[in-house]
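Data first, discussion second: the structure below is written as structure tokens.
Treat the numbers as computed from the prediction; the structure is a model and nothing was measured. Just the heavy atoms: all of them, side chains too, but no hydrogens, waters or symmetry mates, feed the values below. Note on naming: letters A, B, ... go to the chains in the order of the sequence lines (proteins, then strands), and numbering restarts at 1 for each one.
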Number of protein chains: 2
Amino acid sequence: MPVVISSTKKQILNAARNFFRERGYAATSMREIAKEVGVEPASLYSHFKSKEAILQYICFHIADEFFEMQEPILNSVSNPIEKLKRLVTGHINVIIENLEASSVFFNEWCYLKKSELKKFAEMRERYERGFRNVILEGITSGDFRMMDVSFTVRLLFSVMNGIHEWYKISGKVTPDEAGEKMSEFILNGLAIK
Amino acid sequence: MPVVISSTKKQILNAARNFFRERGYAATSMREIAKEVGVEPASLYSHFKSKEAILQYICFHIADEFFEMQEPILNSVSNPIEKLKRLVTGHINVIIENLEASSVFFNEWCYLKKSELKKFAEMRERYERGFRNVILEGITSGDFRMMDVSFTVRLLFSVMNGIHEWYKISGKVTPDEAGEKMSEFILNGLAIK
DNA sequence: CCTACCGATCGGTAGG
DNA sequence: CCTACCGATCGGTAGG
């Protein structure tokens, strides 16, 4: 059942995503967002009850996208290597298709209020567990080296998430090529064996 | 020639580094910094001419540390693999020994004023070039696979820089062990060959 | 969705 | 390094 969302609300979210990414949450004022949308500052409050509520919407909405991508892959039957490749490609595709929201998700989540911060941490833990399990499967199956799984998953997320800072939609590398190259980096590294 | 720096100035920098990392530059007020140091807000301005000047000091000071680490390694005669290992370990050691400053360097540089932003970008470009050249050397020598060097260097920096977000001084992984594990990840990846 | 407005807080300065 | 203070801007509300 699709959630109906007014055109003005969409515009507010769009403006907020851009400003929050560009200048940061704390440095963005409700007045700037209102001006961009073309309404008076007070009018924003008939769509969101606070500035932080806008941030909430952005962060949890993009989180849904990550889970919707992850679940079918985790439940598929492919081997660990194939599974990891698909997760990596899926993850960076979500980022690339939502560059502004992803940047806010990665960099501005800390401005969520306490109760939401807790939900946020639990969600991230659940998502990361999916990746950890695939790596464990791969070690068990003999496809992956023995390694410190927690440490490695953090490296994995660093590589994948970093892409939001430098990927250019207009560049010559398509999202799928980026997934290919990144998977090669993650699976085989730089050195010739 | 060591630059003499007053005890109060040091305290201001320390408080600023902590607050800028914890809440972000924009969300930190001069009043909070002053309170932490134990002086009146107005007194900060006899040490720094503006809030942004504090940010400048933090960003460019830690940048010096990165260059001081990099230069001798680039000029050493070790082979590309050894060189890259030492650069990786050196880079993350600078981060780990300066977690607050590094976080500010990576996340808050965008609040520098325009003229400083330009210097900052040039500096970063020069530093990254050092890494790119080592990878090029490695491809030429046959130690590294053929690859998209620009793309790979971005992945490399993502892996290395990400550590400032999750490394715990109190954890069981020492800085040198972290360098070892990270180099293994970068050079050989997850898969068994 | 607007007008009108609130109290709080901001970075920074004058002058000592 | 302090007292005293500035104009600007902030998130948000009342009431229509």
Below 3.5 Å between N/O atoms, which protein atoms pair up with nucleotides 3-9 of chain D? Just atom names and distances, please.
none

Just the rounded figure in Å: distance from C1' of D:dC10 to NZ of A:Lys35.
16 Å
Taking the minimum atom-to-atom distance to the side chain of B:Ser50, which one of C:dG12, D:dC1, C:dC1 wins?
C:dG12
Out of D:dT13, C:dG12, C:dC2, which has the shortest distance to the side chain of B:Tyr45?
C:dG12
Who passes salt bridge (Lys or Arg N to Asp or Glu O under 4.0 Å) against A:Arg31, sequence neighbours left out?
none
So which heavy atom on A:Val153 is nearest to which on A:Glu128, and how close?
CG1-O, 4.5 Å
Rounded off to whole Å, could you give me the CG-to-P distance for the B:Leu44 and C:dC10 pair?
13 Å
Rounded to the nearest 0.5 Å, what separates atom CD1 in B:Ile81 from atom CD1 in B:Ile186?
12.5 Å
Return the CD1 to OH distance between B:Ile58 and B:Tyr25, rounded to the nearest 0.5 Å.
9.5 Å
Using Watson-Crick and G-U wobble pairs with both distances under 3.5 Å, what is the 5'-to-3' dot-bracket string of DNA chain C, with [ ] for crossing pairs and | for pairs outside the strand?
||||||||||||||||
A:Phe144: ring pair (Phe, Tyr, Trp, His ring centres under 6.0 Å) partners, not counting sequence neighbours:
none
Is the phosphate of C:dC1, meaning OP1 or OP2, less than 4.0 Å from a side-chain N or O of A:Thr8?
yes
Which nucleotide in the list D:dG12, C:dT13, C:dC1 gets nearest to the side chain of A:Lys51?
D:dG12
Is there any side-chain hydrogen bond (donor to acceptor under 3.5 Å, both in side chains) pair reaching into residues 54-73 of chain A, and which pairs are they, with sequence neighbours excluded?
A:Glu52-A:Gln56
Classify A:Thr28 by what it touches in the nucleic acid, base, sugar-phosphate, or nothing, heavy-atom distance under 4.0 Å.
sugar-phosphate
Test: side-chain hydrogen bond (donor to acceptor under 3.5 Å, both in side chains). Region: residues 140-154 of chain A. Which pairs qualify, not counting sequence neighbours?
A:Ser141-A:Asp143, A:Arg145-B:Glu184, A:Asp148-B:Lys181
Salt-bridge criterion met for B:Glu116 and B:Lys119 (N-O under 4.0 Å)
yes
Rounded interatomic separation in angstrom, taking CE from B:Met30 and P from C:dT13
10 Å
Between atom CG in A:Leu55 and atom C1' in D:dG11, what is the gap in whole Å?
15 Å
Can you see whether B:Phe67 has B:Arg126 sitting over its ring - NZ or CZ less than 6.0 Å from the centre and within 45° of the normal?
yes
Whole-Å distance, A:Phe48 CZ to D:dG11 C1', equals 16 Å
When rounded to whole Å, the NZ to P distance for the pair B:Lys49 and D:dC1 reads 19 Å
